[in-house]
Structures are given as C-alpha cells and as structure tokens.
Amino acid sequence: MTTAFILLALALIITFAGPTLLFICVGYADYMLERRRHLLALKHAVRRRSDEH
C-alpha cells in the first residue's frame, strides 16, 4: 500500500512538476532514510553498551 502510494506520488511529481522537484523529493527521502538508519544504529549501540555494564 505504502509503496503504491509512493510510486503514484512520484509519477505525479514527474508529470506535473518536472525533474527538479523530483530530485528534491528523492534527496529528502534519502536523507530521512539515512537519518533513520543512523538513529537505529545509535540506539543499537547504546543498548549493546548498557548490556555490557
């Protein structure tokens, strides 16, 4: 469901707004995914460190 929504949104962006806005959206999505990945890694490291003590 979410994937279909994302693909539909990207198709609408490409059709109506052009490639510039698409690059902005993809860049923002990539930034959010990287931020989420970093926070998960940090959370895992904190949990692992607290298990050691």
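Quick caveat, the model's predicted, so the values are computed rather than measured. These values consider heavy atoms only, across backbone and side chains, with no hydrogens, waters or symmetry-generated copies.
- The side-chain contact (heavy atoms from CB on, under 4.5 Å) check on His44 picks up Arg47, Arg48, with sequence neighbours excluded.
- Applying the salt bridge (Lys or Arg N to Asp or Glu O under 4.0 Å) criterion to Arg35, with sequence neighbours excluded, gives no partner residue.
- The other members of the hydrophobic cluster of Met32, by chain and number, are Tyr28, Tyr31 (side-chain heavy atoms under 4.5 Å, ILVMFWY only).
- The structure places OG1 of Thr15 at 10.5 Å from CG of Leu10, a figure rounded to the nearest 0.5 Å.
- Here the options are Thr2, Leu8, Thr3, the test is side-chain contact (heavy atoms from CB on, under 4.5 Å), and the partner is Ile6; only Thr2 passes.
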